[in-house]
Amino acid sequence: MKTKLIAAIAIASLAIAPGGLSERFNEPAYADQNQFCAGFEEGFKTIAGEMVILPICPIAPITPIGSTPYREGIKKGIAAACRQYPNKC
């Protein structure tokens, strides 16, 4: 009982705090995917160059704590470009 009460208070405090859960729930479900794809494009073009045909953006993974979907997209884009253009890495 005590554990459930503590968990409920923690969730409620996150929902009230600026940048807490309430703001995340108002974002569209595809917002993280859009940010991930923007990062993927940036990362891919960083290695392959601006005048390349981009591959299809993969599905965004779950973002680790301390990172952003954009940052994860950059990392995946760089990895994809290195696989496609190994002489540029």
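No experiment lies behind these values; they were computed from the predicted model shown.
Once rounded to the nearest 0.5 Å, the distance linking CD1 of Ile74 with CD of Glu41 reads 11.0 Å. The line from CD of Gln84 to CG of Leu54 is 9.5 Å long, rounded to the nearest 0.5 Å. Distance CD/Glu72 to OG1/Thr63: 6.0 Å, rounded to 0.5 Å. We find the NZ-CZ distance between Lys76 and Phe36 to be 6.5 Å, quoted to the nearest 0.5 Å.
Minimum interatomic distance between Tyr70 and Ala38 (heavy atoms only, all atoms of both residues): CE1-C, 3.7 Å. Closest non-hydrogen pair, Cys57 versus Gln33, comes out as SG-NE2, 3.9 Å. Of all heavy-atom pairs between Val52 and Phe44, the closest is CG2-CE2, 3.8 Å.
Panel note: side chain Lys88, backbone Ala48; a donor-acceptor pair is recorded below 3.5 Å.
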